[in-house]
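Beneath this line is the structure, given in structure tokens, with notes to follow.
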Amino acid sequence: MVQKLINSGELKQYISKEEAYDRSKRSKQVQLSEGNRTLNTISCSEAAGPLLTTQIGKRLRKQFEDYCELYKIDGVEIDDHEQWMDAPITFEADDVEEDMKDHNDPLILTLPIAGCNIKKILIDGGSSVNVLFYDTFKRMELNDEQLISSYHTIYGFNGAPTKPLGDIILQINAGPMKIDTSFSVVDAPSPYNAIIGRRWVHKIKGIASTYHQCLRFPSPEGIMEIKGDQVTARECQAMLNKDLDEQRKSRRSRNKEDAKKKPLICTSKESQKKA
């Protein structure tokens with residue numbers, strides 16, 4: 001009888017506090033470092049790229065090519081499987097707030113990277129690489145000499161292959177987890193500061209849910225959670241849509257101009273007689 005009343009919602013006033021307590025036990029919010037600089041705005045970088053250093057030897061390049069992202073807790077590398085990694089990660093209906101339902105927003109996070117709280121980071125499960133845009137790279141006060149030559153090409157920017165300016169290893173802090181992460185630095189316009197691919201999410205054994213707008217992952221302190229920013233996600237999506245509309249208008253305009261320049265070819269019998 002009591003269970004039926006609970007299921008029908010008639011005892012909600014008596015169990016809401018307990019549910020809230022249970023939710024707080026399931027996951028802990030990751031707090032950003034207050035001392036970090038925060039990078040938010042986006043501006044277009046200059047066309048000229050950085051000069052890659054010539055002083056980086058073959059040994060360092062070989063180490064980078066063979067590099068596997070390191071997983072640290074309090075500065076100690078974690079190579080073996082730990083018991084706390086087996087903690088279940090769950091998502092429930094109550095995790096979705098009323099104003100979040102029926103949305104189509106990507107997952108946009110703020111993460112501490114190399115001592116800066118970087119906003120507008122797209123979590124992209126379809127990307128096999130992590131991308132740091134060159135304008136963000138410069139605003140983080142990183143030097144071009146820190147870049148290591150890239151030997152790969154990235155596809156997906158403006159529908160054309162893009163050659164990175166270089167690669168760099170930066171530490172991302174996610175709660176107690178510290179992950180040395182490789183980024184490909186790309187000089188391309190974007191509403192995002194960076195893109196984190198599935199490799200990083202897999203490394204922390206996390207689950208990124210665009211529907212629930214959060215990233216959850218296990219840690220020695222329990223299941224940690226990083227909330228997404230839906231307002232920023234929609235702003236970035238609006239910028240992308242605007243750019244796409246402008247590209248379509250530009251293509252239509254070029255097609256019309258090309259059509260005007262092409263000579264008309266007459267194939268009627270009368271035109272052939274006149275010729």
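Checked against salt bridge (Lys or Arg N to Asp or Glu O under 4.0 Å), K163 has no partners two or more places apart in sequence or in another chain. For R234, the salt bridge (Lys or Arg N to Asp or Glu O under 4.0 Å) partners at least two apart in sequence or on another chain are D105.
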Candidate pair D229 and T232, rule side chain to side chain donor-acceptor pair (under 3.5 Å), full reasoning: CA-CA 6 Å; D229 185 345; T232 299; 2.6 Å; yes

Q171 and N173: CA distance, side-chain angles, deciding distance, side chain to side chain donor-acceptor pair (under 3.5 Å) verdict: CA-CA 6 Å; Q171 181 174 280; N173 294 350; 3.0 Å; yes

Worked check of side chain to side chain contact (heavy atoms under 4.5 Å, CB included) between L142 and L170: CA-CA 10 Å; L142 298 172; L170 301 173; 4.0 Å; yes

CA sep, side-chain torsions, deciding dist, call: I148, I168, side chain to side chain contact (heavy atoms under 4.5 Å, CB included): CA-CA 6 Å; I148 300 173; I168 190 170; over 6 Å; no

Trace of the side chain to side chain contact (heavy atoms under 4.5 Å, CB included) decision for I196 with D124: CA-CA 6 Å; I196 298 292; D124 184 4; over 6 Å; no

Full working for side chain to side chain donor-acceptor pair (under 3.5 Å) between T110 and N117: CA-CA 6 Å; T110 298; N117 292 332; over 6 Å; no

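To the nearest 0.5 angstrom, K227 atom NZ is 5.5 Å from C214 atom SG. To the nearest 0.5 angstrom, S182 atom OG is 6.0 Å from R199 atom CZ. Expressed to the nearest 0.5 Å, how far CG of L111 lies from NZ of K119 amounts to 12.5 Å. Rounding to the nearest 0.5 angstrom, the gap separating the NZ atom in K205 from the CD1 atom in I207 is 12.5 Å. From S184, atom OG reaches atom CG of L147 across 10.0 Å, with rounding to the nearest 0.5 Å. One finds the CD1 atom of I89 at 12.0 Å from the CE atom of M224 (value rounded to the nearest 0.5 Å).
Taking each heavy atom of E221 and P176 in turn, the nearest pair found is OE2-CB, 3.9 Å. K120 approaches P191 most closely through the heavy-atom pair CD-O, 3.5 Å. Shown here for A188 and F133, the closest heavy-atom pair between the two residues is O-CD2, 3.5 Å. Listed here is the closest heavy atom pair of A208 and V201: N-CG1, 4.4 Å.
Annotation: side chain of E235 is not in contact with side chain of Q237 (no heavy-atom distance under 4.5 Å). The shortest side-chain heavy-atom distance between V185 and D167 does not fall under the 4.5 Å cut-off. F183 is listed as a side-chain neighbour of I113, based on a closest heavy-atom distance under 4.5 Å. Considering only heavy atoms from C-beta on, S128 comes within 4.5 Å of R198 through its side chain. Taking the side chain as every heavy atom from C-beta outward, V186 and L132 never approach each other to under 4.5 Å. Residues H103 and Y211 meet the side-chain proximity criterion, which asks for heavy atoms closer than 4.5 Å. Counting heavy atoms from C-beta on, the side chains of L109 and L215 come closer than 4.5 Å. Contact of the L107 side chain with the S209 side chain is not registered, since no non-hydrogen atoms from C-beta on lie closer than 4.5 Å.
A donor-acceptor pair is defined here as one N or O able to donate and one able to accept, closer than 3.5 Å; such a pair exists between the side chain of Q213 and the backbone of P106. At distances below 3.5 Å, not a single donor-acceptor pair connects side-chain atoms of R216 with backbone N or O atoms of I223. The backbone N or O of F91 lies less than 3.5 Å from no partner atom in the side chain of D95, so there is not a single donor-acceptor pair. At distances below 3.5 Å, at least one donor-acceptor pair connects side-chain atoms of T136 with backbone N or O atoms of N193.
Looking at K138 and D144, a side-chain N of the basic residue comes within less than 4.0 Å of a carboxylate O on the acidic one, giving a salt bridge.
Paired with Y192 under the rule side chain to side chain contact (heavy atoms under 4.5 Å, CB included), one option of I121, I118, L122 passes, and it is L122.
N130 and T181 form no side-chain donor-acceptor contact under 3.5 Å, judged by distance and modelled atom types alone.
Atom CG of N104 has 12 or fewer heavy atoms from other residues, nucleotides or ligands within 6.0 Å.
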